[in-house]
Q: 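Structure in structure tokens, see below.
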Amino acid sequence: MASVHESLYFNPMISNGVVQANIFGIKDWVTPYKIALLALLHEMSTTKPMALLDRRRLNKLILPLQQGPDLTFEQLLSTVEECCAPMVNAVKLRLFLMADRELQDMEHFFAILPNAFSDSEAYKTSVVGLYMRQMLLAYNKLSFSQVYKLYKTLQQYCRQGQRPPRDFSTLAAEDMELTSNDDPGSLHQSDLGWVTSSDLCMGRVLPRPLWLFFSQAYLLKNDENKAMRPATLQEELNNILKFNPDFAEAHYLSYLNSVRVQDLYISTHSLLHYFDRLILCGGEGKSNGDEGYGRSLRYAVLNLATLHCRFGHYQQADLALQEAIRIAQEANDHVCLQHCLSWLYTLEQMKGSDSVTLTEDSVKMAAHFCLPYLASLGVQSLVQQGATQGIPANRLLDALRGTDVVHWKQSLSELVEISLAQTASIWRLYGKSTMAQQQVQLLLGMASLESVNYGVQQNNTEPFAIALCHLAELHADQGLYGAVGDIIKHLKQQFPSHTQHSKLWMLCDLKIQFEKAMNSGKFHLAEPHVTAIGALDSMEGLYRKAQLLRALNQMSEASKILQQVQQLGVKKRNTEMIIRVMLATAELHWDSSGFSASLPLLLQALTLTHTHNLQSLESETILHLAFTQLMLGVPEQALALVQAVLESVLAHGALLKKGRALLLMARCQAVLATSAPEELQVEMAVQTLAEAAVFFTQLGCKPRLRDVYYLQARLYHTLGNVQERNKCALLFRLLNQELPPGSSIAATPL
Amino acid sequence: MTHSSSLEDTRNMAATLSGEFADLAQIKKQLISVIAQCKERGLVHSVKASELAFSLPSLPLDEVPPALPLTEEDALDLDALCLAKSYFDLKEYDRAAYFLRGCRSQKAYFLYMYSRYLSGEKKKDDETVDSLGPLEKGQVRNEALRELRVELSKKHSAGELDGFALYLYGVVLRKLDLLKEAVNIFVAATHALPLHWGAWLELCNLITNTEMLKSLSLPDCWVRDFFMAHVYTELQMIKEALQKYQSLTEAGLTKSTYIISQIAVAYHNIRDIDQALGLFNELREQDPFRIENMDTFSNLLYVRSMKPELSYLAHNLVEIDKYRVETCCVIGNYYSLRSQHEKAALYFQRALKLNPRCLGAWTLMGHEYMEMKNTSAAIQAYRHAIEVNKRDYRAWYGLGQTYEILKMPFYSLYYYRKAHQLRPNDSRMLVALGECYEKLSQQIEAKKCYWRAYSVGDVERMALLKLAKLHEQLNESDDAAQCYIIYIQDIFSCGEQLEHAEVSTALRYLGQYYFKNKLYDEASLCAQRCCDYNDAREEGKALLRQISAVREQGESSSTDLSLPIVFNPLSNTTTPVRRVAPLDLSSVTP
């Protein structure tokens with residue numbers, strides 16, 4: 001039952017059941033800001049003698065002022081002041097003359113407005129002339145009470161300029177305070193009147209939704225941290241929507257905002273609401289053609305699909321996508337179909353099934369329909385898949401380079417970033433750390449392009465997260481843990497833990513911590529990291545668990561888990577992991593002295609690394625092979641193998657790997673020296689060991705350092721250098737006491 | 001507390017009434033005095049109280065309550081109050097407030113504040129028309145509200161507000177969207193002046209669920225029973241509401257048109273059309289010039305396709321007052337029934353111009369646009385309806401339908417689900433959901449929906465048929481046959497003839513099914529019944545021929561009667577069979 005007090009909410013925009021109002025129809029209305037702008041234009045055309053430089057600067061200012069959102073009076077004045085100081089006073093004077101007197105003065109201003117332009121360089125058809133005529137038309141349409149209201153708001157607009165400045169945030173906070181459930185006692189009457197009047201003041205209220213929409217939507221996309229906090233933004237939006245239910249864009253912003261906090265319920269609701277509203281706006285066009293609401297229908301379903309994708313509801317996403325494809329097909333909308341197709345392969349990829357053919361089709365079609373963005377995305381996706389499936393490196397990099405040309409031509413900065421991050425990833429996969437680092441630096445250095453690409457800078461996107469993670473890992477490889485800490489701290493700031501890409505750095509951080517703990521032999525520290533890694537990436541977690549178990553001498557459990565990982569790796573076609581598992585299994589064989597049993601595994605791994613260009617893993621495998629040969633009693637062969645890969649290891653490898661390679665070489669040399677005693681050989685071995693020791697000390701890898709000292713002591717003994725021997729023996733003893741018992745020398749064979 | 005036990009509680013609460021109903025004369029006295037008070041203050045809610053008072057037996061002269069004695073303050077303000085009240089009645093609110101500004105009595109204070117409030121509201125409405133652009137449109141507010149709130153809150157903390165002023169304070173708070181405080185103030189208002197129905201009504205609008213209702217401490221007064229019944233209706237707890245109204249009528253308020261209309265609306269909500277129609281007819285006899293609730297009445301007539309009655313009602317209402325929301329809705333319904341959808345939409349639009357917050361009209365307009373295949377306008381209308389009331393299941397359902405028409409079944413799932421959430425036991429939403437799932441090839445989900453639709457009492461009797469067809473598609477012939485059997489029983493037991501009944505389809509399938517399972521007697525029975533229907537006659541005959549051919553070959557029908565035989569009642573079809581006991585269909589449930 002309607003209450004008698006229920007206000008007669010009346011919608012004057014309604015006609016034929018469809019509300020015609022749209023937020024972007026705002027340009028057809030006169031606001032105080034626009035009057036101020038008109039005054040500026042008027043002054044500019046009437047004051048003839050003006051410094052050329054001033055005039056040029058002012059002319060440059062006009063377009064942004066006309067097309068931008070409404071500014072407050074002060075903002076406008078200060079902007080003008082930067083260009084031409086005398087103009088400020090003229091505009092101020094004119095507006096105050098209008099505001100401080102009577103309605104008639106405003107009427108007069110609009111009456112003389114066309115005269116000023118009739119004999120100036122501003123032609124009727126120019127931007128300024130058009131704007132002026134538009135405003136005149138809008139003004140003449142107003143009824144008396146509307147004119148009076150406009151005058152009132154103009155007065156407030158000018159008066160606000162005279163007030164001591166109060167910025168938006170405090171105003172908004174105050175406004176919210178009034179409408180929130182606070183204690184009525186806390187209200188100050190003096191404030192009350194002021195806020196009320198300022199609410200009405202168009203200078204503030206009118207541009208706000210628009211301003212909010214553009215800035216926040218932009219920030220949500222590019223730099224989430226700078227956007228308002230989710231709760232505040234939502235409150236703001238609810239406020240806007242309460243008074244402007246027709247402001248569909250607010251629903252969209254609310255969708256973006258709730259996706260940010262992973263709220264499925266509100267995000268679905270807002271998305272659907274937005275499109276329900278959008279359909280109305282486009283209703284004037286052809287009903288089912290390219291322009292009509294049929295188009296927004298298609299994109300509505302597509303957006304729903306992406307939403308489900310994002311939340312990991314693959315079945316729902318699939319259904320929605322199929323629906324989008326069906327109606328797009330019916331409407332012959334190729335562009336929409338292309339978008340659908342690119343989502344289809346993304347979905348397939350997310351589900352973990354093979355999507356290469358789909359992607360290839362998508363790229364071909366996108367190229368055919370001249371959709372560079374989609375085509376490039378497709379190529380990038382293909383490259384990603386190709387890298388894991390062992391497509392030759394030159395083809396991948398060629399493809400990336402080809403798309404890069406397109407990106408720069410079309411200034412698709414987003415894709416440029418993705419491309420750089422991808423290249424860095426590929427280089428890392430191939431084990432070329434320097435190249436990877438260079439690409440990462442290139443991407444991070446893009447910030448310096450900001451002045452060229454004004455405002456396109458994105459700090460908060462996935463490529464940046466990936467690049468920074470790579471950087472952290474590369475630094476960790478070199479034992480620069482201080483730098484790693486800094487990078488992780490930055491990542492934490494840029495991608496707070498509730499955001500979408502936070503998992504990337506979490507995993508990266510955990511891996512580094514785990515490695516660090518394992519290297520220094522502190523297994524109890526590594527254990528909690530295993531669980532955490534498992535939560536983020538189950539396969540990686542299992543692999544790390546196996547490593548830990550092996551270090552703790554629980555061989556049978558480790559072997560079981562490795563088998564499990566192997567199966568998973570095959571299922572997910574993760575070659576890198578398969579090879580790593582093979583190596584780990586080989587190590588398990590060593591522990592049970594089954595050196596010959598590990599050989600076929602290692603050889604298999606070697607072929608795999610060859611076909612997939614995984615150089616880092618290849619050298620790792622060769623080192624493993626060399627160690628096996630050493631243990632099988634062919635030190636000459638082992639030495640030859642180590643020497644063959646030593647160059648690439650020293651060039652690209654991590655500190656640990658360098659040290660291990662050198663240690664292995666020293667061992668081979670030592671063994672050779674014992675079989676055929678030769679002073680030179682022994683000396684070389686000692687030297688190699690010293691080099692290895694440097695690496696291990698840098699990394700804090702004590703178990704291996706202990707091995708080095710042991711070997712050194714033995715070698716010095718054979719050389720008869722008692723003093724050096726004793727020194728090494730002492731160091732060995734110290735380390736041995738520090739490290740947990742049970743981890744014998746055999747436990748760290750490589 | 002578990003849900004069921006809490007429900008039990010509400011049931012018990014619904015059955016009991018305040019003890020004060022024993023003395024109806026006392027109630028009448030109270031009513032008369034509160035009506036007078038309301039009138040003095042310009043509150044129009046008193047109309048409900050007057051209706052109620054009218055329905056009670058009139059009092060003898062010596063028992064008619066005298067007017068409240070005037071206090072000294074009242075006497076001082078008497079002239080100003082008189083003048084202001086006249087201005088107030090002439091809708092010159094600012095003028096009324098001006099002359100009341102110095103008054104001290106409670107009565108004058110209320111009228112002073114109320115005038116200022118109404119003046120603000122009126123200005124707000126006027127402003128809206130003169131807006132300065134689309135963005136500003138929504139920003140128009142009642143500027144007086146903030147000041148009123150500050151003044152009232154001061155007085156409130158000083159404890160100087162009487163029941164009426166508290167009510168006004170609550171309204172102001174509600175308008176400022178301070179709902180929590182508003183609820184508290186309205187509760188206080190009901191305590192201060194339990195007889196003022198306006199405060200109860202406002203409170204009712206703010207109650208969103210039963211938990212909230214239970215948490216409120218309300219005064220123990222006979223008005224409370226009316227309030228509870230009203231809230232139950234609003235919260236769609238129709239059973240409880242009906243119980244409450246029933247006990248109210250039993251307590252001696254049989255003649256009250258208010259109660260009759262409320263019961264009729266409640267019956268309308270649970271789609272008990274016959275009961276509701278009867279009550280509305282009674283209501284029109286008692287109160288022939290009544291316009292309130294007549295839109296609901298017309299909805300009922302529309303559902304029953306009673307064209308002459310609807311036309312009569314429309315004519316009658318136009319004669320009474322053609323510029324009322326209800327009248328416009330009735331006319332809209334009338335045109336819609338005559339399939340003149342453009343005109344219908346026009347009248348619903350007119351209703352909305354008269355009161356844009358009229359929920360029913362938005363939804364009905366949406367339906368009209370749907371009929372006219374103007375989907376975008378339909379979506380807009382439904383969205384407006386939802387904006388006015390988020391719990392409007394018909395609008396959600398309508399949105400779902402619109403998108404289904406646009407061939408977007410997945411999209412419409414969301415809307416149907418919303419509708420289903422609001423009416424969990426309405427088979428129509430479930431059938432719609434099932435259809436969507438079927439279109440999306442989610443047969444398992446679809447089966448669940450259809451079965452659930454049948455279980456909650458299928459209104460349109462389509463769920464079983466669809467379920468059977470689904471089973472047929474999935475080659476689950478046993479389940480399909482079961483469903484067809486129950487479907488046929490259902491159709492015949494309900495007695496009335498349904499337009500879309502597909503008995504022939506069911507019979508045809510069953511005939512084939514029995515034939516395949518070599519139950520020739522049953523098969524021939526089905527085939528014979530098929531011949532009663534035009535569209536299945538040929539097939540029936542063909543099947544009969546097949547059966548006789550098989551029989552001639554000497555194959556005796558299998559005696560293995562493991563299949564359900566429920567056709568005995570069907571052999572006698574001239575009279576509708578009685579409903580058979582529900583079969584064990586556990587195998588059908590997915």
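Since the model is a prediction, treat every value here as computed from it, not as a measurement. So you know, we letter chains A, B, ... as the sequences are listed, proteins then strands, and number each from 1.
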Q: Within the 4.5 Å heavy-atom criterion, are A/Asp276 and B/Tyr403 side-chain neighbours or not?
A: yes
Q: Between A/Leu272 and chain B, with a heavy-atom cut-off of 4.5 Å, which part of the residue counts as in contact: side chain, backbone, both or neither?
A: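 The answer is both parts of A/Leu272.
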Q: Please classify the contact of B/Ile386 with chain A as side chain, backbone, both or neither, using a heavy-atom distance under 4.5 Å.
A: neither
Q: Is the ring pair A/His269/B/Tyr414 parallel, tilted or perpendicular, if the boundaries are 30 and 60 degrees?
A: tilted
Q: Relative to chain A, which segment of B/Lys439 carries a heavy atom at a distance below 4.5 Å: side chain, backbone, both, or neither?
A: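 Contact with chain A: none, neither part.
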Q: For B/Tyr411 and A/Glu323, work out which heavy atoms get closest and say how close.
A: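 In this case the closest contact between B/Tyr411 and A/Glu323 is N-OE2, 3.1 Å.
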Q: If I measure from the heavy atoms of chain B, does A/Gln315 come under 4.5 Å with its side chain, its backbone, both, or neither?
A: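 The side chain, not the backbone.
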Q: Does a side-chain heavy-atom distance below 4.5 Å link B/Pro409 with A/Arg326?
A: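 A side-chain contact exists here, since the closest heavy-atom pair is under 4.5 Å.
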Q: B/Tyr415 versus chain A, heavy atoms under 4.5 Å apart: side chain, backbone, both or neither?
A: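 The side chain, not the backbone.
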Q: Ignoring hydrogens, what is the shortest heavy-atom contact between B/Lys407 and A/Ile327? Give both atom names and the distance.
A: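 Reported closest heavy-atom pair: O-CG2, 3.7 Å.
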